[in-house]
Novice: 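Sharing a structure here in structure tokens format.
This chain uses plain numbering: 1 for the first residue, then up along the sequence.
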Amino acid sequence: MNDIISYFSTIPSSHRSLILVGGITLFWLIENTFPLFQMQYKKWHHAGINIFFTITTIIVNFILAFILIKTAAWTTENNFGLLHWLPEIPLWLYTIIGLLLLDLIGAYLVHLIEHKVKFLWRFHLIHHTDTWIDTTTANRHHPGESVIRFAFTTLGVLIVGSPMWMVFLYQSLSVVASQFNHANISLPEKLDVFLSYFIVSPNMHKVHHHYVLPYTDSNYGNIFSVWDRLFGTFTTLPKEQLIYGVDTHMKREENNQLKNLLQIPFQKSRSFKNAKNQ
């Protein structure tokens, strides 16, 4: 455990980049070998769009990183946050609690709010317009959403009182978890169900990308599945019934052209066409 703390306390930016690129490469190879769906699309063109958004997310996080670093340093120096108010516990338990809480605020909560607040949904919508969900979809976030998610991550660090090594560990796990649960991979059904009791499995998250409500408004988790189960937002859908996308933007020129994807948050708002009971 001490070795992990030491590594993530001083993890170079090059290593963090390697985790991101390595994850995409690994799951890209796996999904080509064991695909969940045989999707007929221009994979490189699709990846190009999503990698563009990956790069913009990296840029946003790099520009704002000093805020996160100063926040983590302040909580440590002032013994502020939930972790600082815990009784003395083993380091491994301290780490798990911290990661769970960061995941709650920095992933689950912001994701839930983005679906409930119309203004924030405008930015998150770009992620849901993807009609070919694969590992590159994990980082398909409008630059505006990258700022929103960064703000909630910072809020999480403040409330939790997590040290910077834990933040870097959480972000690394979050990147890999998202690439894993978006990947177009076919796991044995029983294994996927088993994993979904602990982490967000591929089949669990794919339900969230079904094109109509109420499935779109479910399974918000990123790393840990406990929050969806605890707050009643967990649901299932047979993979054979999955249709990716969002019902307001199913046309190719709306969901597969970079220029339009960047403009979506500023276009006239559309309501979901299908009722929640569908």
Novice: If every non-hydrogen atom of Asn256 is compared with every non-hydrogen atom of Ile49, which pair is closest and at what distance?
Specialist: O-CD1, 3.4 Å
Novice: Apply side chain to side chain contact (heavy atoms under 4.5 Å, CB included) to the pair Gln171 and Leu102, showing each step before the final yes or no.
Specialist: CA-CA 9 Å; Gln171 289 182 327; Leu102 285 175; over 6 Å; no
Novice: To check you understand the geometry: which heavy-atom pair defines the closest contact between Val60 and Pro143, and what is its length?
Specialist: CG2-O, 4.2 Å
Novice: Would you say the side chains of Asp134 and Thr136 form a donor-acceptor pair under 3.5 Å?
Specialist: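 Yes, a side-chain donor-acceptor pair sits under 3.5 Å.
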Novice: Which value, rounded to the nearest 0.5 Å, describes the distance between Ile148 atom CD1 and His141 atom NE2?
Specialist: 11.0 Å
Novice: Just by distance, do the side chain of Thr154 and the backbone of Phe150 share a donor-acceptor pair under 3.5 Å?
Specialist: yes
Novice: Would you give the length of the straight line joining atom CG of Leu112 to atom CG of Asp217, rounded to the nearest 0.5 angstrom?
Specialist: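 Going from the CG atom of Leu112 to the CG atom of Asp217 covers 8.5 Å.
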Novice: Determine the interplanar angle of the His111 and His208 rings, folded into 0 to 90°, and report it as parallel if under 30°, tilted if 30 to 60°, perpendicular if over 60°.
Specialist: perpendicular
Novice: Are the ring centres of His128 and His115 closer than 6.0 Å?
Specialist: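 Yes - the distance between ring centres of His128 and His115 falls below the 6.0 Å cut-off.
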Novice: Between Asn181 and Ala177, is there a donor-acceptor pair closer than 3.5 Å when you use the side chain of the first and the backbone of the second?
Specialist: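 Yes; at least one donor-acceptor contact below 3.5 Å.
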Novice: Hey, is Glu31 close enough to Lys43 for a salt bridge, meaning N to O under 4.0 Å?
Specialist: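 Salt bridge between Glu31 and Lys43, a charged N being under 4.0 Å from a carboxylate O: yes.
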Novice: Keeping Thr33 on the side-chain end and Leu29 on the backbone end, is there a donor-acceptor pair under 3.5 Å?
Specialist: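 Yes; at least one donor-acceptor contact below 3.5 Å.
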Novice: Consider only side-chain heavy atoms of I, L, V, M, F, W and Y, link residues closer than 4.5 Å, and tell whether Ile185 and Val200 are in one cluster.
Specialist: no
Novice: Assess the residue pair Asp130 and Ile133 against the criterion (side chain to side chain contact (heavy atoms under 4.5 Å, CB included)); give the C-alpha distance rounded to whole Å, side-chain angles, the decisive distance to 0.1 Å, and a yes or no.
Specialist: CA-CA 6 Å; Asp130 201 337; Ile133 306 300; 3.9 Å; yes
Novice: Rounded at 0.5 Å granularity, tell me how far CD1 in Ile5 sits from CG in Leu169.
Specialist: 9.0 Å
Novice: Show the numbers, then the answer: is there a side chain to side chain contact (heavy atoms under 4.5 Å, CB included) between His46 and Thr137?
Specialist: CA-CA 9 Å; His46 173 258; Thr137 307; 4.0 Å; yes
Novice: From Leu242 CG over to Leu36 CG, what is the distance, rounded to the nearest 0.5 angstrom?
Specialist: 7.5 Å
Novice: Testing the basics here: between Pro202 and Asp192, what is the closest heavy-atom pair and its distance to 0.1 Å?
Specialist: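 Here Pro202 and Asp192 meet closest at CD-OD2, 3.5 Å.
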Novice: Should the pair His124 and Trp121 be assigned to parallel (<30°), tilted (30 to 60°) or perpendicular (>60°) ring geometry?
Specialist: perpendicular
Novice: Looking at Asn184 and Pro35, would you say the former's side chain and the latter's main chain have a donor-acceptor pair under 3.5 Å?
Specialist: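 No.
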Novice: Starting from Leu195, can I reach Leu237 by hopping between I/L/V/M/F/W/Y residues whose side chains sit under 4.5 Å apart?
Specialist: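 The answer is no; the residues belong to distinct hydrophobic clusters.
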Novice: Membership question, hydrophobic clusters at under 4.5 Å side-chain separation (ILVMFWY): are Trp74 and Trp165 in the same one?
Specialist: yes
Novice: Can you name the closest pair of heavy atoms from Leu83 and Ser162 and give their distance?
Specialist: CD1-CA, 4.0 Å
Novice: So, for Phe231 and Tyr108, is the gap between ring centers shorter than 6.0 Å?
Specialist: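 Between Phe231 and Tyr108, the centre distance is under 6.0 Å.
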Novice: Does a sphere of radius 6.0 Å around CD in Gln40 hold more than 12 heavy atoms from other residues, nucleotides or ligands, not counting ones at 6.0 Å or beyond?
Specialist: no
Novice: Look at the side-chain heavy atoms of Ile, Leu, Val, Met, Phe, Trp and Tyr, link any pair under 4.5 Å apart, and say whether Ile264 and Phe123 land in one connected group.
Specialist: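 No, it is not one cluster - the side chains of Ile264 and Phe123 are not joined through contacts under 4.5 Å.
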Novice: Show your reasoning for whether side-chain hydrogen bond (donor to acceptor under 3.5 Å, both in side chains) applies to Thr57 and Ser146.
Specialist: CA-CA 6 Å; Thr57 298; Ser146 297; 3.0 Å; yes
Novice: Are His142 and His127 near enough that their ring centres are under 6.0 Å apart?
Specialist: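 They do not qualify: ring centres at least 6.0 Å apart.
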Novice: Kindly say whether Phe52 contributes a backbone atom to a donor-acceptor pair with the side chain of Arg140 at under 3.5 angstrom?
Specialist: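 Not confirmed, Arg140 side chain does not pair with Phe52 backbone.
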Novice: Looking at Lys206 and Ala183, would you say the former's side chain and the latter's main chain have a donor-acceptor pair under 3.5 Å?
Specialist: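 Indeed, once roles are kept as given, a pair shorter than 3.5 Å links the two residues.
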Novice: Looking at Phe234, does the NZ or CZ of Arg229 lie under 6.0 angstrom from its six-membered ring centre and within 45 degrees of the ring axis?
Specialist: yes
Novice: Using a 4.5 Å cut-off on heavy atoms from C-beta on, say whether the side chain of Ile55 contacts that of Asn139.
Specialist: no
Novice: With a 4.5 Å heavy-atom cut-off, do Val246 and His209 have their side chains touching?
Specialist: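 Sidechains of His209 and Val246: no contact.
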Novice: Give me the ring orientation class for Tyr244 and Phe37: parallel if the planes are under 30° apart, tilted from 30 to 60°, perpendicular past 60°.
Specialist: perpendicular
Novice: Taking all atoms of both residues into account, what is the closest heavy-atom pair of Ile19 and Ser172, and its distance?
Specialist: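 Closest heavy-atom pair between Ile19 and Ser172: CD1-OG, 3.7 Å.
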Novice: Would you find a donor on one side and an acceptor on the other, under 3.5 Å apart, between the side chain of Ser196 and the backbone of Val193?
Specialist: yes
Novice: For the OH atom on Tyr7, are there more than 12 heavy atoms of other groups (residues, nucleotides or ligands in this structure) within a distance under 6.0 Å?
Specialist: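 Check passes, neighbour count above 12.
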Novice: Would the distance check show the side chain of Thr135 and the main-chain N or O of Ile24 forming a donor-acceptor pair, the cut-off being under 3.5 Å?
Specialist: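 No: the side chain of Thr135 does not pair with the backbone of Ile24.
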Novice: Okay, side chain of Asn255, backbone of Lys251: is any donor-acceptor separation there less than 3.5 Å?
Specialist: yes
Novice: Side-chain heavy atoms under 4.5 angstrom apart, residues restricted to Ile, Leu, Val, Met, Phe, Trp, Tyr: same cluster for Phe53 and Ile58?
Specialist: no
Novice: First locate atom CD1 of Ile199, then atom OG of Ser225, and finally report the distance between them rounded to the nearest 0.5 Å.
Specialist: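 The CD1 atom of Ile199 sits 8.0 Å away from the OG atom of Ser225.
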Novice: State, yes or no, whether a side-chain contact exists between Tyr220 and Trp227 at a heavy-atom distance under 4.5 Å.
Specialist: no
Novice: Below 6.0 angstrom between ring centroids: does that apply to Trp85 and Phe80?
Specialist: yes
Novice: Strictly distance-based, threshold 3.5 Å: is any side-chain N or O of Asn219 a donor or acceptor partner for the main-chain N or O of Met204?
Specialist: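 Flag set: sc Asn219 to bb Met204 pair under 3.5 Å.
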Novice: Under a 4.5 Å cut-off applied to non-hydrogen side-chain atoms, are Val226 and Leu100 in contact?
Specialist: yes
Novice: So do the side chains of Ile243 and His210 get within less than 4.5 Å of each other, counting heavy atoms only?
Specialist: yes
Novice: Check whether more than 12 heavy atoms from other residues, nucleotides or ligands sit under 6.0 Å from atom CZ of Phe62, and answer yes or no.
Specialist: no
Novice: Could you state the interatomic distance from CG (Leu86) to CG (Leu82), rounded to the nearest 0.5 Å?
Specialist: 7.0 Å
Novice: Do Trp44 and Trp132 have ring centroids that are under 6.0 Å from one another?
Specialist: no
Novice: Measuring centre to centre across the rings, with the benzene-like ring taken for any Trp, is Tyr211 within less than 6.0 Å of Tyr215?
Specialist: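 Centroid distance Tyr211-Tyr215: not below 6.0 Å, so no.
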Novice: Should we count CZ of Phe34 as having more than 12 external heavy atoms under 6.0 Å?
Specialist: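 For Phe34, atom CZ is not crowded (no more than 12 foreign heavy atoms under 6.0 Å).
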Novice: Walk me through it: do Ile126 and Glu145 pass the test side chain to side chain contact (heavy atoms under 4.5 Å, CB included)?
Specialist: CA-CA 9 Å; Ile126 283 75; Glu145 183 181 8; 5.9 Å; no
Novice: If you define the side chain from C-beta out and look only at heavy atoms, does anything of Ile105 sit under 4.5 Å from Val110?
Specialist: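 No, their side chains stay 4.5 Å or more apart.
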Novice: Do Asn61 and Leu68 have side chains that get closer than 4.5 Å, going by heavy atoms?
Specialist: no
Novice: Ignoring hydrogens, what is the shortest heavy-atom contact between Thr75 and Val157? Give both atom names and the distance.
Specialist: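 Closest heavy-atom pair between Thr75 and Val157: CG2-O, 3.8 Å.
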